[in-house]
Amino acid sequence: MPSTVIVGAQWGDEGKGKIVDLLAQESDLVCRYQGGPNAGHTIIFDGETHKIRQIPTGILSGRTAILGAGCVVDPEVLVSELDAYGDRGTFYLSGNAHLIMPWHVAIDQASERRLGKLQIGTTRRGIGPAYADKASRIGIRVQDLLDPKILRQKIEVALAEKNLWLERVYEVDTFDLEDVTSRYESYAQRLRPYIADTSLLVDEALREGKSVLFEGAQATLLDLDHGTYPFVTSSNPVASGAATGIGIGPNRLDEIVGVAKAYVTRVGEGPFPSEIPSPLQERLRELGGEFGTVTGRERRCGWLDLVALRYAVRLNGFTSLALTKLDVLSAFEEIPVCVRYLLPDGKETPHFPAHQSDFHHCKPMFETLEGWREPLGDDLPNGARRYVEFVERELDVPVTLVGTGAERERVLARS
Ligand code: IMP
């Protein structure tokens, strides 16, 4: 198919990196359409582990990698990744993408501290404040790097306000105009050759019949509009975000692949109905290596939640699913799967609650499937196959890829 969108179907960390990497082998272009260095993809490539936060991982295998207009870019992170991986493939950056400035990071950290128990649990990389400035129309864009006079002027205008906030509201250090300007001018020198009209590039590639992969960062339930607000990221990971974030029509998206872990994890705060009680949760976390790529934080672990996944199918229009890390469940004799929620009014529902307080107070209703207690090879053992078929039946979406181990090649294709 000429164009494929890959979207995390849960709260992130579904192992998208590996599926993206696999599908990137058949793609000419790999594009990110939203998010910034809050995403962390771990790729095991040629025996080495790479953690990439900003550039699409397709660059590792020599593809053309693109960051679209819907992204926010931390130039410090980007430059260091270009130093490490830039010569492996081609890279382009939209001039319309917004820059993460040092005050965005400082505000993200200070406001989380200030929220205390009410904090969102952000990655503290400045993502929310950068998108907030974009929406307020006071953001600084990648194309502003092309003109040193404009860049300096915009930094000066921004600092006049941000320094007041930092000093008086958050009571933290302020930033110096000369310092920030000279740092961003040096990033500008380095990034200039990569800045391009990426909407046009992708449009032309599709017209030429090339295959384009759109790689969603974060995931469906972290979507700003449709996720578990306020415990969400500040962009639109859902599949339709690929069209707006890149600048092409939605009718150009052919396949929509949802990536779901065979269980669920969540970092940060917020309700999590299928969360596993202690000490089983710790066992699953250790078995699955569920610690954040970017932050190193422990991920909360839960059983597969088909109510939430059904919602993800609705929001994204998945044409197929990749079910990752099934091997981690091989250790369990019985595997509960959440099939419905029991709402506070006593009603059962297979649908994700539209209202936050229902979601906060719902109880998971499980069906328990038998485990398989053996390693996953090229053929799935009966129990594992039944687990996958159960998911397919409940969601009415084919599971075409199954992750059976950490290494790059441990993915089974199903027809
Ligand atoms: P932010 O994107 O840093 O603003 O964080 C907002 C929410 O999204 C927090 O709950 C984060 O933990 C979560 N989040 C952001 N990026 C990722 C990711 O790549 N994986 C999982 N969760 C993420």
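Side-chain atoms are counted along with the backbone in the values below, which use heavy atoms only and exclude waters and symmetry mates. Residue indices begin at 1 and follow the sequence shown. Counting convention: from 1, in listed order, for ligands and their atoms alike.
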Atom indices of ligand 1 within 4.0 angstrom of V232 heavy atoms, with elements: 6 (C), 7 (C)

Among E275, E290, E298, find the residue that satisfies the salt bridge (charged side-chain N to carboxylate O under 4.0 Å, His left out) test when tested with R285. E298

Does any N/O atom on R297 come nearer than 3.5 Å to any N/O atom on ligand 1? yes

Do any nitrogen or oxygen atoms of E269 lie less than 3.5 angstrom from nitrogen or oxygen atoms of ligand 1? no

Which atoms of ligand 1 have any heavy atom of Q218 under 4.0 Å away? 15 (C), 16 (N), 17 (C), 19 (O)

I'd like to know if R152 pairs up with E178 as an ion pair, taking the criterion as any Lys NZ or Arg NE/NH1/NH2 lying under 4.0 Å from an Asp or Glu carboxylate oxygen. yes

Assert yes or no for the condition that the ring centre distance of W11 to F231 is strictly below 6.0 Å. no

Do ligand 1 and N38 have nitrogen or oxygen atoms that lie under 3.5 Å from each other? yes

So, K261 and D13, do they make that salt bridge, N to O below 4.0 Å? no

List the steps, then state whether side chain to side chain contact (heavy atoms under 4.5 Å, CB included) holds for V399 with S320. CA-CA 6 Å; V399 173; S320 66; over 6 Å; no

Give the single entry among L222, I120, T265 that approaches atom 8 (O) of ligand 1 most closely by any heavy atom. L222

Counting heavy atoms not belonging to Y92, are there more than 12 under 6.0 Å from its OH? no

Residues that L280 engages under side chain to side chain contact (heavy atoms under 4.5 Å, CB included), provided they are two or more places apart: I276, R283, W303, F332

State whether R410 and D327 are salt-bridged, where the test is any N-O pair (Lys NZ or Arg NE/NH1/NH2 against Asp/Glu carboxylate O) under 4.0 Å. no

T233 heavy atoms, cut-off 4.0 Å: which ligand 1 atoms fall inside? 1 (P), 2 (O), 6 (C)

Check whether any N or O atom of T122, backbone or side chain, sits under 3.5 Å from an N or O atom of ligand 1, and answer yes or no. no

What atoms of ligand 1 come within less than 4.0 Å of a heavy atom belonging to V267? 10 (O), 12 (O), 21 (C), 22 (N)

What's the shortest distance from atom 3 (O) of ligand 1 to any protein heavy atom, and which residue and atom give it? T123 OG1, 2.6 Å

Which atoms of ligand 1 sit under 4.0 Å from any heavy atom of W11? 21 (C), 22 (N)

Validation row, ring centre F390 to ring centre Y387 under 6.0 Å: no

Based purely on interatomic distance, does G121 place a nitrogen or oxygen under 3.5 Å from a nitrogen or oxygen of ligand 1? yes

To check your reading of the model: name the closest protein heavy atom to atom 20 (N) of ligand 1, its residue, and the distance in Å. D13 OD1, 3.2 Å

